[in-house]
> 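Quick one: the structure is below, questions incoming.
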Amino acid sequence: MMHPDGKLLEMRHVGFTYSTGIGFYGGKRVEALRDISFCVREGETLGLIGRNGCGKSTLLRVATGIFRPDRGELIRYCDRISLLALNVGFDPNLSGADNLVISCMFLGASRREALALHDDIVAFAELEDYIDQPLKTYSSGMKARLGFSVGLKMNADLLLVDEVLGVGDASFKSKAREAMMERMNSEQAVIFVSHSLGSVVDLCQRVIWLENGEIREQGEPEQVVEAYLEHLESVKGVGRPQQRERTE
Amino acid sequence: MLAINTRQFWAVFFTKLVFNLRSEVSRTYLGYVWWLLEPVLFVTALYIVFGTFLRTRTEDFLVFLVIGQVSFSWFSRSVSNASRAMLGNKGLMNQVAIQKLFFPLLVVCQDLVKQAVVFVAMLGFLLYMGVDAGAVWLTLPLIMMVQLLLILAVGFVCAGIVPLVPDFRFLIGTMLTITMWGSGVFYSYEDVLLERHQNLFLMNPMANLIKNYRQVLLDGVQPDWSALAVIALISIGVILAMMWVFRRLDTTFARLALQ
């Protein structure tokens, strides 16, 4: 289903609540997202900024369909929305090559596509000598390189990127950054979550600033980032993030 | 709203099934041998306790025991693996929007492959022990099919409950042990139970299935078709209900995994 305006994803007044515990002891309700409305169009790179625990990761999970919004509406106009998470479905006992295949498939590729991408991914990850070894023998940097390379080579109509530019050693980091920027500058539509405000201004056409689960401001990258920095300055040392960020 | 469609679901499923079986083997020195060694160890222990110490032994006690143990351990292993399946995949659930039934179904199928090997070995053992194979053995796949349906039904229920009420994890192990005592794995209900209790005993689907396996394999008698049909129908009903529940709770499971 294609939208005439080139819309890929739209949220209308989306709200999402979860509870922090189970049973008789826990169970505080946290409103992770409140009244979120925005849309993403083809070819656009949308930045998402905000302090830890403001709801960025939750927002990405709602966009992927992992979480269903409690309130409001989520409308998708495209088939493949993929969360570029590291190490999807990795099994330490399997070889790097097997993990590569299964990870690609979880991200939406067919087995044939995954096998066809094998050489490309291995080359980018610089793991030619290790790819047939079990994953448990990999260092964490090697694992992250494999995970990143899989995510990078996957096709998606809309790619959700959650702060993954910082993997591997210095040389891999700059290569990864470059490859990701190239991808964002192409026709790929991206929602990009980052704490590196420089990258956000460089890469994004539009930025959303989330604060306590609500959209505080949305618009031109320079303006939004400027306002966000001012805000950070004003609350420095005062407020603690109200929620812990939960990432895997 | 799910990102992974049906075709992709099954493609990933079978790839993952093959990979998991391979990965399971690579974790141990003896690998595939464990699939057979595990039931052998169990049977040996039960044989020593009940056959030797307690002297409940009849002439064909060993083959009698093997049949009961092999079919019951299939049930118990699959159910307890299924009940852990959701918790073991928390991470993945929060990275990919996939139908959550994927996880319990995967472990049940993994166990099915292993069980098929064990079953063939068991038939070989029975023949070696001098049990006569008859045409009625051809009904075995049907009894196994009914047991698979039962495993899926119970496995899905356990898999669905544990993330909602984690306390159930502790209960499931205990319930499986109790079910074992009540399934006649190492005793013949006809010898032990009063006649008026026997029908009640056979209401336990595992007891009923074990009785049917023995009836077919040892006595060469047709299985109790109407009992099998009842077990199959109830299981199918539960499976369908659980498919509906999993669809309803799909994203709730991902959320619960974080709590």
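Lettering follows sequence order; numbering is per chain, from 1. Every value quoted in this text rests on a predicted model; they were computed, and no experiment measured them.
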> Once rounded to the nearest 0.5 Å, what's the spacing between atom CG of A/Leu94 and atom CG of B/Asn20?
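Result: 7.0 Å between the selected atoms.
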> Measure across B/Val96 and A/Phe106 and return the closest heavy-atom pair with its distance rounded to 0.1 Å.
CG1-O, 3.5 Å
> Is B/Gln95 reaching over with its side chain to a backbone N or O of A/Leu83, donor-acceptor style, under 3.5 angstrom?
no
> Under the 3.5 angstrom rule, does the side chain of A/Arg111 hit a backbone N or O of B/Thr15 as a donor-acceptor pair?
no
> Salt bridge (charged side-chain N to carboxylate O under 4.0 Å, His left out) for B/Arg22 and A/Asp98? Distances and angles first, verdict last.
CA-CA 10 Å; B/Arg22 215 191 295 160; A/Asp98 284 353; 2.6 Å; yes
> Determine whether more than 12 heavy atoms belonging to other residues, nucleotides or ligands lie under 6.0 Å from atom CZ of B/Phe42.
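Not buried by this count: 12 neighbours or fewer within 6.0 Å.
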> At a 4.5 Å cut-off on heavy atoms, which part of A/Ala114 comes close to chain B: side chain, backbone, both, or neither?
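Neither part.
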> For A/Phe90, is it the side chain, the backbone, both, or neither that has a heavy atom closer than 4.5 Å to a heavy atom of chain B?
neither
> With a 4.5 angstrom heavy-atom cut-off, which part of B/Phe102 approaches chain A: side chain, backbone, both or neither?
side chain
> Any non-hydrogen side-chain atom of B/Asn94 less than 4.5 Å from a side-chain atom of A/Arg61?
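The answer is yes, as the side chains (C-beta and beyond) meet within the 4.5 Å cut-off.
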> Shortest non-hydrogen contact from A/Arg68 to B/Thr251?
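The pair with the smallest heavy-atom distance is CB-OG1, 3.2 Å.
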> Does B/Ser235 have any side chain to side chain contact (heavy atoms under 4.5 Å, CB included) partners at least two apart in sequence or in another chain, and if so, which?
B/Leu149, B/Leu150, B/Ala153, B/Ile231
> Should we count CD of A/Glu187 as having more than 12 external heavy atoms under 6.0 Å?
no
> Check each atom of A/Ser103 against the heavy atoms of chain B and say whether the ones under 4.5 Å are side chain, backbone, both or neither.
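No part of it gets close to chain B.
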> Which of these, A/Asp91, A/Asn93, A/Val101, sits in a side-chain contact (heavy atoms from CB on, under 4.5 Å) with B/Phe19?
A/Val101
> Look up atom CZ in A/Phe67 and atom OG1 in B/Thr252, then write down how far apart they are to the nearest 0.5 Å.
10.0 Å
